[in-house]
Amino acid sequence: MKRWLWRLTVSAVVALSGMTGPVVAAEAVPTPEINISDDGEIAVFLCTPSADGCHKRYATAKQRRDVETFLNGRPEVTEVRFVSRATAYASFRQEFARQKKVLASVRAKDMPESFRVRVRGAADRTRIVLLANRRPGVGLAVDQAKNHVDAPLVPEISVFLCMKGSDWPACAHGRGKANKSAVTVKERKAIVAVIERVPGLESYVYEDQRAAYRNFVKTYADNKALVAATRVSDMPESYRLSMRPKADLDSPSRRLARMPGVAQAYDLGCLSRKARLWSEYGLQKRGSQGCG
């Protein structure tokens, strides 16, 4: 993989590495909790019209039976559970009950049916995911043990700066021309000036490449292949903005994302919700409002 493309991947991973734990709600949802999976399972989501590679069709009954037969036939599989569209949608409505924009973006018919699969400890989980993704009627298969993402403890915006040789579209000096230099001193001063005037800002910190790499290695210590493939020079510099509860993160994220010298600006809460909708509910294109 080219280093610039690897940097795009790493930047997204670094954004999520700032998340340190779950958000604790002020009040419990009064309805009984609906648990459709846990972090140790592989989720196999069946096709819906909005899923990539599904040709705008739902999985057929025959495809659903064939996928179930395939999963039950694997010697390393110990349990296969079916989760209906109605059950998944009820779980989604409960989990995101306080987030009206997310609720409004997903309809019951968007929710895929799925199989939740448990395997033996020594099983090759990656191979199972790859094989499941090739089955007709499967829209997405995800190893939830490797794709678990916690929400940030506090509302946070991450602002990633342009790097030398970056191929981020926002860092280009002209159509088709990569940015050959990092963010300039003038651009950096302008970015900081805007950050310091963001409504609802509690504090902000600057994270250089070495600090970003240390946090990255700590967060992904269990993923030796990812750590081994990543260098300090792949890490983007960034500003991390801690925001007050209920502050507007959408507007400042979008404004900062448009500034010269900024590669990407993320509302980390929104980014974690998108990751959750993808890995837990198989929703590939929904719930993306307000991510900067």
Side-chain angles (χ1 to χ4, degrees), residues 1-23 37-45 52 71 74 76-78 114 116-134 138-153 156 158-161 163 165-168 205 207-238 240 263-264 266-284 291:
M1 180 183 291
K2 295 181 179 180
R3 295 311 298 179
W4 68 262
L5 182 57
W6 179 250
R7 285 173 177 173
L8 303 190
T9 304
V10 168
S11 293
V13 174
V14 170
L16 293 173
S17 71
M19 302 174 187
T20 55
V23 171
S37 73
D38 62 48
D39 295 336
E41 294 182 323
I42 293 171
V44 180
F45 299 101
D52 291 335
L71 294 171
R74 301 291 305 177
E76 63 270 60
V77 170
T78 60
S114 65
R116 307 305 170 109
V117 182
R118 298 194 68 84
V119 299
R120 303 184 193 283
D124 186 343
R125 303 174 68 94
T126 299
R127 177 170 173 75
I128 295 172
V129 170
L130 289 173
L131 290 174
N133 269 316
R134 295 172 184 167
V138 172
L140 175 70
V142 178
D143 185 352
Q144 294 180 327
K146 296 181 180 179
N147 290 281
H148 174 71
V149 177
D150 286 326
L153 283 169
E156 182 177 315
S158 281
V159 182
F160 294 97
L161 306 181
M163 304 164 59
S166 171
D167 202 46
W168 284 104
V205 296
E207 185 175 82
D208 64 18
Q209 287 182 306
R210 292 190 179 278
Y213 185 73
R214 287 194 298 270
N215 291 334
F216 174 83
V217 170
K218 181 179 179 181
T219 302
Y220 295 96
D222 293 338
N223 195 332
K224 298 185 184 302
L226 179 63
V227 172
T230 306
R231 302 194 295 250
V232 173
S233 59
D234 294 320
M235 296 289 110
E237 299 174 280
S238 66
R240 305 284 181 132
Q264 288 266 300
Y266 290 115
D267 166 0
L268 292 193
C270 187
L271 200 62
S272 71
R273 289 193 295 274
K274 287 183 69 176
R276 178 71 177 169
L277 290 169
W278 173 77
S279 67
E280 177 65 9
Y281 297 101
L283 295 166
Q284 301 176 46
C291 286

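Just so you know, these numbers come straight off a predicted model, no measurement behind them.
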If you round to the nearest 0.5 Å, how far is CZ of F45 from OH of Y281? 9.5 Å
Reported OG-to-CD1 distance for the pair S114 and I42, which is rounded to 0.5 angstrom: 13.0 Å
For residues T78 and V119, report the shortest heavy-atom separation together with the two atoms involved. OG1-N, 3.9 Å
Could you tell me whether the side chain of S158 reaches within less than 4.5 Å of the side chain of L268, counting heavy atoms only? yes
Closest contact, heavy atoms only, A123 versus I128: CB-CD1, 4.4 Å
Just how far is it from atom OH of Y213 to atom CE of M235, taken to the nearest 0.5 Å? 7.5 Å
Could you go through V129 and L131, starting from their C-alpha distance and side-chain angles, then the distance that decides it, and tell me whether this counts as side chain to side chain contact (heavy atoms under 4.5 Å, CB included)? CA-CA 6 Å; V129 170; L131 290 174; over 6 Å; no
Distance in Å, M163 CE paired with D234 CG, rounded so as to fall on 0.5 Å steps: 6.5 Å
Closest non-hydrogen contact found for S233 with Q209 is O-NE2, 3.5 Å
Full working for side chain to side chain contact (heavy atoms under 4.5 Å, CB included) between W278 and L283: CA-CA 5 Å; W278 173 77; L283 295 166; over 6 Å; no
Picking from R118, R125, R116, what satisfies salt bridge (Lys or Arg N to Asp or Glu O under 4.0 Å) with D143? R125
Can you find a heavy atom in the side chain of R210 that is under 4.5 Å from one in the side chain of V232? yes
Between the CG atom in L161 and the CG atom in D208, the distance rounded to the nearest 0.5 Å is 11.0 Å
How many angstroms lie between CG in N223 and CZ in F216, if you round to the nearest 0.5 Å? 7.5 Å
Do R120 and V77 make a side-chain contact, defined as non-hydrogen atoms from C-beta onward lying under 4.5 Å apart? no
Considering all heavy atoms, the nearest P236-A212 contact: O-CB, 4.0 Å
Between A43 and S279, which heavy-atom pair has the shortest distance, and what is it? CB-O, 4.3 Å
Would the distance check show the side chain of E156 and the main-chain N or O of D267 forming a donor-acceptor pair, the cut-off being under 3.5 Å? no
